[in-house]
Amino acid sequence: MAEPSVNGGLPSAGRHFVQARHEFRGLRTAEHYFTVPLVHQAEVPGETITIFAREYSSTDHSAEETAKLPWLLFLQGGPGGRGNRVTSLSGWMKAAARDFRILMLDQRGTGLSTPIELRSLEHRGDAAAQAEYLTHFRADSIVADAEYIRGVLGLGPWSVLGQSFGGFCALTYLSFAPEGLREVLITGGLAPLHGPADRVYQATFRRVAERNAEYFSWYPEDREKGTRIARHLDQHAEYLASGERLTPERFQMVGSFLGGNTRVDALHYLLEDAFIATPSGEQLSESFLEQVRGLVSRAANPLYAVLHESIYGQGEATNWAAWRVLEDHPEFKPGAEELLLTGEMVYPWYFEQDPALVPLRDVAEQLAVRKDWKPLYDPTRLASNTVPVAAAVYKDDIYVDHDLSLETAAAVRGLQTWVTSDFHHDGIGEDGEGIFGRLFGMVRGNR
C-alpha cells in the first residue's frame with residue numbers, strides 16, 4: 001500500500017509516496033515517487049512530472065539504525081541513463097551502505113521518471129515543441145529535482161556520488177545549490193566548464209585512437225578482422241534482426257567496448273564470432289549480428305543520442321560537434337585503410353540509420369542548432385567552493401578527457417583529485433568498493 005509523505009514542510013505543489021518496500025539478500029529497498037515541476041522556478045505553476053528514486057540500505061543496520069543514517073544521492077552516467085537496479089549490495093554500494101542510505105535516482109526522462117520515449121514525445125506536438133520540451137532534461141533540471149526532493153524529504157545537506165555524466169551534474173549542483181551538499185565524490189566525470197563542445201571531441205578522438213592502438217597491440221588479428229568486416233558490410237547487405245542494414249559506420253560503434261577495463265577484452269570475443277561460411281560465400285553470423293544490434297541501437301535509450309551534445313551547450317550551438325571534428329581525424333572514416341572503432345560520439349547519420357532515432361531527426365537538428373542554452377556551471381562560485389570534493393580522474397579515459405578534467409579540477413576550490421591509470425571510464429564497476437573508499441577517505445580527511 002502506498003505511504004503518503006508526512007513531511008509537514010512539503011511545497012504546495014509537491015507530492016511524495018512510497019510505493020513498496022522490500023528486503024532480500026542483505027538489502028532493503030523503498031520505492032519513492034515524487035511529483036516535481038517540469039520547469040523549476042517558473043513564474044506560473046505549470047506542468048508536473050514524476051521522479052522515481054529507489055532507496056537502498058543494508059540489513060546490517062536495524063530499521064531503526066537505518067532511519068538515522070545520512071543520505072547519499074547517486075547520479076548515474078548518461079545522459080539518459082536510469083539508476084542501477086541491483087539485487088545485492090556489492091562494489092561501491094556495499095561500501096557506501098556501511099555509512100549511508102543510498103538514494104538511486106532515475107534522472108528525469110529515464111526509467112520510471114516520466115520516461116522519454118518516441119510514443120511519449122510524439123504527444124508533445126511537432127519537432128519544435130518536442131525539442132523545447134527536451135531542453136528541460138539537462139543537468140540544471142536534474143539538480144533542481146534533487147534539491148526539490150531533498151526539501152520534500154526534509155533533509156539537511158546530503159552527500160552525492162556522480163559517475164560520468166552524473167559527475168557533470170554534481171558540478172552543476174556545486175555551482176547553483178552548494179548549500180544542499182555535505183560532500184561530493186566524482187568518478188570519471190569532471191566536465192569542461194567552458195568552451196565549445198569541439199574541445200571535448202578534439203581530445204577524445206585522440207584518446208580513442210590511442211586506445212585502438214593499444215587494443216590491436218593485444219589482439220593484432222582483430223585489426224584485420226575489423227577491417228574485413230567493414231569491407232564486407234560495404235559490399236554486401238547484412239541486416240539486423242530489427243530489419244535495418246548494418247553499415248560500416250554503425251559497426252564502428254562497437255568501439256564502446258574500448259572504454260572499459262574488462263569489457264575491452266570482451267570485444268575480442270565479439271569479433272571472433274563475426275563470420276560464418278555458407279554455400280553462397282562468407283557472411284556475418286546471426287550470433288554476431290544479434291550481439292551488434294544491442295550495441296548500435298538506441299531503441300532503449302533515445303534520450304542519450306538526442307541530448308548527448310547538449311550536455312556541453314552553454315550560450316552557443318553545439319552544431320554536431322563530433323561530426324565536424326571528425327573531418328580533422330580522417331583515420332576514423334569507415335573507408336580508411338585500416339578501420340578504427342569509435343567511442344561515444346553522436347553523428348547526424350544516427351538519425352537516418354537507426355529506426356529508433358529516425359522519427360527524432362528533426363528534433364535532434366533543432367537541438368543541435370539551438371544557441372540559447374543556459375549556463376550549466378558558475379565558475380565564480382566554483383572558484384570559492386567550500387564543499388569537500390574528491391574526484392577520480394582516469395588518465396586514459398576515452399570519454400572524459402584527463403587533461404580537460406584536470407583543467408576543471410584546478411578551477412574548483414578545494415577539489416582533490418586522484419589521478420590513476422589503473423582504471424578506464426567504468427572503473428567504478430571494476431573496483432567500486434576500493435574507489436569509493438579512497439574518495440570517501442579524501443573528503444573525510446582519511447577518517
Side-chain angles (χ1 to χ4, degrees), residues 70-78 92 95-96 99-100 105 138-140 142-143 146-147 150 156-195 199-200 203-204 207 311-312 314 375-397 399-428 431-432 434-447:
W71 290 77
L72 173 73
L73 173 70
F74 181 70
L75 297 173
Q76 178 64 281
W92 72 264
D99 298 281
F100 294 99
L105 184 69
R138 298 203 307 157
D140 50 349
I142 294 167
V143 167
E147 273 297 273
R150 190 177 66 85
W158 55 12
S159 304
V160 168
L161 169 60
Q163 157 65 13
S164 188
F165 172 68
F168 291 26
C169 294
L171 287 169
T172 301
Y173 214 144
L174 286 164
S175 294
F176 300 114
E179 65 278 4
L181 300 170
R182 178 181 180 182
E183 61 211 348
V184 172
L185 313 180
I186 295 174
T187 55
L190 288 179
L193 301 181
H194 60 83
R199 298 177 70 216
V200 173
T204 53
R207 299 280 182 196
I311 67 177
Y312 302 108
Q314 298 187 89
L376 294 170
Y377 314 107
D378 184 339
T380 300
R381 203 162 191 180
L382 292 173
S384 59
N385 171 62
T386 59
V387 177
V389 187
V393 177
Y394 308 126
K395 289 187 67 175
D396 303 311
D397 197 327
Y399 299 142
V400 180
D401 180 68
H402 161 269
D403 295 343
L404 294 178
S405 294
L406 292 185
E407 176 188 284
T408 294
V412 181
R413 181 176 179 269
L415 189 152
Q416 304 176 71
T417 58
W418 170 42
V419 180
T420 177
S421 57
D422 291 340
F423 303 101
H424 282 265
H425 192 67
D426 66 350
I428 196 172
D431 184 18
I435 291 173
F436 180 89
R438 179 154 187 161
L439 296 180
F440 190 38
M442 290 166 68
V443 295
R444 292 288 178 94
N446 294 316
R447 294 197 288 176

Test side-chain contact (heavy atoms from CB on, under 4.5 Å) applied to Val400 and Phe168, step by step: CA-CA 10 Å; Val400 180; Phe168 291 26; 4.2 Å; yes
Mind checking the CG-CZ spacing from Asp431 to Phe436? Nearest 0.5 Å is all I need. 13.0 Å
Rounded to the nearest 0.5 Å, the CG atom of Leu181 sits from the CZ atom of Arg150 at a distance of 8.0 Å
Check ion pair Asp397-Arg207 (N to O, under 4.0 angstrom): no
I'd like to know if the side chain of Gln416 reaches the main chain of Met442, judged simply by a donor and an acceptor atom lying under 3.5 Å from each other, with no hydrogens or angles considered. yes
From CG (Leu193) to OG1 (Thr408), nearest 0.5 Å: 4.0 Å
Is any side-chain heavy atom of Gln76 closer than 4.5 Å to one of Phe165? no
Answer with yes or no after comparing the ring centroid distance for His425 and Tyr399 against a 6.0 Å cut-off, counting only values under it. yes
What pairs with Ala391 under side-chain contact (heavy atoms from CB on, under 4.5 Å), at least two apart in sequence or on another chain? Ile186, Leu190, Leu415
Has Ser164 got a side-chain atom pairing as donor or acceptor with Gly166's backbone, closer than 3.5 angstrom? no
Atom pair CG (Asp99) and OG (Ser159), whose distance is rounded to the nearest 0.5 Å: 9.5 Å
Do Arg199 and Glu407 have side-chain heavy atoms sitting under 4.5 Å apart? yes
Verify whether the ring centers belonging to Phe100 and Phe440 lie closer than 6.0 Å. yes
To the nearest 0.5 angstrom, please state how far the CG atom of Leu75 sits from the SG atom of Cys169. 5.5 Å
Answer whether the closest heavy-atom distance between the side chains of Phe74 and Leu105 falls below 4.5 Å. no
Tell me, do Phe176 and Val143 make a side-chain contact under 4.5 Å, heavy atoms counted? no
Any side-chain heavy atom of Val419 sitting closer than 4.5 Å to one from His402? yes
For Arg381 and Pro178, indicate whether the former's side chain and the latter's backbone hold a donor-acceptor pair under 3.5 Å. no
Side chain to side chain donor-acceptor pair (under 3.5 Å) between Tyr377 and Gln314, intermediate numbers included: CA-CA 9 Å; Tyr377 314 107; Gln314 298 187 89; 6.0 Å; no
Within the structure provided, determine whether Tyr173 and Val184 are in side-chain contact (heavy-atom separation under 4.5 Å). no
Val200 versus Pro192, closest heavy-atom pair with distance: CG2-CG, 3.7 Å
With a 3.5 Å distance limit and no angle check, can you tell me whether Thr172 reaches the backbone of Ala139 through a side-chain donor-acceptor pair? no
Euclidean distance, Leu174 CG relative to Arg413 CZ, rounded to 0.5 Å: 13.0 Å
Does Leu376 reach the side chain of Arg138, with side-chain heavy atoms less than 4.5 Å apart? yes
Where do Asp403 and Asp401 come nearest, in terms of heavy atoms and distance? N-OD2, 3.1 Å
For a side-chain contact (heavy atoms from CB on, under 4.5 Å) check, start with the C-alpha distance between Thr187 and Leu439, then their side-chain angles and the critical distance, and finish with the verdict. CA-CA 9 Å; Thr187 55; Leu439 296 180; 3.7 Å; yes
So do the side chains of Val443 and Leu185 get within less than 4.5 Å of each other, counting heavy atoms only? yes
